[in-house]
Amino acid sequence: MAYEVIIPAAGQGKRMGAGKNKLLLELNDVPVLIHTLRVFEQDPQCEGMILAISPEDEESFRKLLKQYKIQKVSKLVYGGKERQHSVYNGLEEAAGTDDVILVHDGARPFIDIKLIHELVEVAKEYGAAVVAVPVKDTIKRVHHNEVVETVDRSSLWAIQTPQAFRISVLKEAHMRAQETDFLGTDEASLVERLPYPVKIVEGSYDNIKLTTKEDLYFAEAILRKTKGEK
Ligand SMILES: Nc1ccn([C@@H]2O[C@H](COP(=O)(O)OP(=O)(O)OP(=O)(O)O)[C@@H](O)[C@H]2O)c(=O)n1
Ligand SMILES: C[C@](O)(CO)[C@H](O)COP(=O)(O)O
């Protein structure tokens, strides 16, 4: 089943502290963003990528797309103040010819094509689907450095991207969020405010989001593993 994908890549990488967009950092001499885009570039079911970028990154991103021969980026849009705004700006440019649209963080380079295809099928049937992994740590609610409660871990999942939606569902969710000034940290939280189920597809712990510098060490190890290196 064909799909388009919106790639939010317009963040500042504040928590990474690299002094530049963390998607320009390199893993095995290749920029993080290119690792991410290559997965979709190589997927015959991907009809196009819509990249949300910062104006200050436009020149360097355009150079990278050319250098690495990324042909499937159909649109470059400017991001917004928050991730949700960047995704919305991308959604406005979606061709909408295919039923399903994906949203995938540029900062998550380790996504698997087979999982993407499974996610697309579930979203086509139910309207919304996200990849996630069961939480491994004990999670506690804390107030003023003091434990308030231990949350029952058995029903807790760490939600990742890609997140897949019937395009009409995602558009309705973003419109409603705008009308009600709601800001969510992922697209699913917008859809959860509508009468549609959000289905979980179990993914991989390798699908990390590069957020702080420690994640770069994990990323190097994951790359070595996927290349079969010791
Ligand atoms: N206004 C924003 C904020 C984030 N993103 C993108 O959304 C993804 C996930 O966001 P996050 O990991 O938080 O990236 P940053 O916002 O750059 O990180 P920080 O919060 O540390 O600044 C990233 O690919 C980032 O580029 C975006 O397109 N527009
Ligand atoms: C969308 C996301 O990756 C799901 O886990 C996460 O919410 C993004 O959060 P961020 O603070 O914008 O990185």
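Order of appearance sets the numbers: ligands from 1, and atoms from 1 within every ligand.
- Closer than 4.0 angstrom to ligand 2 by heavy atom are Arg15, Arg83, Asp105, Arg108, Ile159, Thr161, Thr185, Asp186, Lys209, sorted by chain and number.
- Listed by number with element, the atoms of ligand 1 under 4.0 angstrom from any heavy atom of Lys81 are 1 (N).
- A distance-only check finds no donor-acceptor pair linking the side chain of Asp105 to the backbone of Arg108 [under 3.5 Å].
- Taking any N or O of Thr211, backbone or side chain, none lies under 3.5 Å from an N or O belonging to ligand 1.
- Within ligand 1, counting atoms from 1 as listed, the ones closer than 4.0 Å to a heavy atom of Ala10 are 26 (O), 27 (C), 28 (O), 29 (N).
- Side chain of His104 to main chain of Ile6: no donor-acceptor pair is present (N/O by atom type, distance under 3.5 Å, no hydrogens or angles).
- Lys72 is linked by a side chain to side chain contact (heavy atoms under 4.5 Å, CB included) to Glu41, Cys46, Met49, counting only residues two or more places apart in sequence or in another chain.
- A donor-acceptor contact shorter than 3.5 Å is absent between the side chain of Glu4 and the backbone of Glu47.
- Protein heavy atom in closest approach to atom 15 (P) of ligand 1: Gly13 N, 3.7 Å.
- Looking at Asp99, its side chain never comes within 3.5 Å of a backbone N or O of Arg166 through a donor-acceptor pair.
- Nearest non-hydrogen protein atom to atom 29 (N) of ligand 1 is Ser86 OG, 2.8 Å.
- At a 3.5 angstrom cut-off on N or O pairs, Met16 does not count as close to ligand 1.
- In terms of polar-atom proximity, Leu23 is not counted as a contact of ligand 1, lacking any N or O under 3.5 Å from an N or O of the ligand.
- Judged purely by atom type and a 3.5 angstrom limit, Asp137 has no side-chain atom pairing as donor or acceptor with the backbone of Ile139.
- Among all protein heavy atoms, the one lying closest to atom 11 (P) of ligand 1 is Lys22 NZ, 3.6 Å.
- Set against the non-hydrogen atoms of Ala107, the atoms of ligand 1 under 4.0 Å away are 24 (O).
- At a heavy-atom cutoff of 4.0 Å, ligand 1 is contacted by the side chain of Lys209 but not by its backbone.
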Show the numbers, then the answer: is there a side-chain hydrogen bond (donor to acceptor under 3.5 Å, both in side chains) between Tyr88 and Gln84?
CA-CA 6 Å; Tyr88 179 77; Gln84 180 175 316; over 6 Å; no
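- Contact annotation: the side chain of Leu210 never approaches that of Leu23 to less than 4.5 Å [non-hydrogen atoms, C-beta and beyond].
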With side chain to side chain contact (heavy atoms under 4.5 Å, CB included) as the criterion, how do Asp186 and Thr161 come out once you've worked through the C-alpha distance, each side chain's angles and the decisive distance to 0.1 Å?
CA-CA 9 Å; Asp186 73 341; Thr161 69; 6.0 Å; no
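- At least one donor-acceptor pair closer than 3.5 Å links the side chain of Asp215 to the backbone N or O of Thr211.
- Annotation: atom 10 (O) of ligand 1 to nearest protein heavy atom, Arg83 CD, 4.3 Å.
- With contacts defined as side-chain heavy-atom distances shorter than 4.5 Å, the pair Leu25/Leu216 qualifies.
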side-chain hydrogen bond (donor to acceptor under 3.5 Å, both in side chains) between Tyr3 and Asp43, worked out
CA-CA 10 Å; Tyr3 65 87; Asp43 183 3; 2.6 Å; yes
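- Looking from atom 4 (C) of ligand 1 to the surrounding protein, the closest heavy atom is Gly11 CA, 3.6 Å.
- For atom 13 (O) of ligand 1, the closest heavy atom belonging to the protein is Arg15 NH2, 2.7 Å.
- Near Gly106, the atoms of ligand 1 lying under 4.0 angstrom from a non-hydrogen atom of the residue are 24 (O).
- Checking side-chain atoms of Asn21 against main-chain N and O of Ala9 turns up a donor-acceptor pair under 3.5 Å.
- Residue Gly79 places no heavy atom under 4.0 Å from ligand 1.
- Glu192 places no side-chain N or O within 3.5 Å of a backbone atom of Val198 that could act as its donor or acceptor partner.
- Taking only non-hydrogen atoms, the option from Pro8, Ala52, Gly90 nearest to atom 23 (C) of ligand 1 is Pro8.
- Within the 3.5 Å criterion, the main-chain N or O of Ser204 finds a donor-acceptor partner in the side chain of Gln160.
- Protein heavy atom closest to atom 9 (C) of ligand 1, with residue, atom name and distance, is Asp105 OD1, 3.7 Å.
- Annotation: atom 22 (O) of ligand 1 to nearest protein heavy atom, Lys14 N, 2.7 Å.
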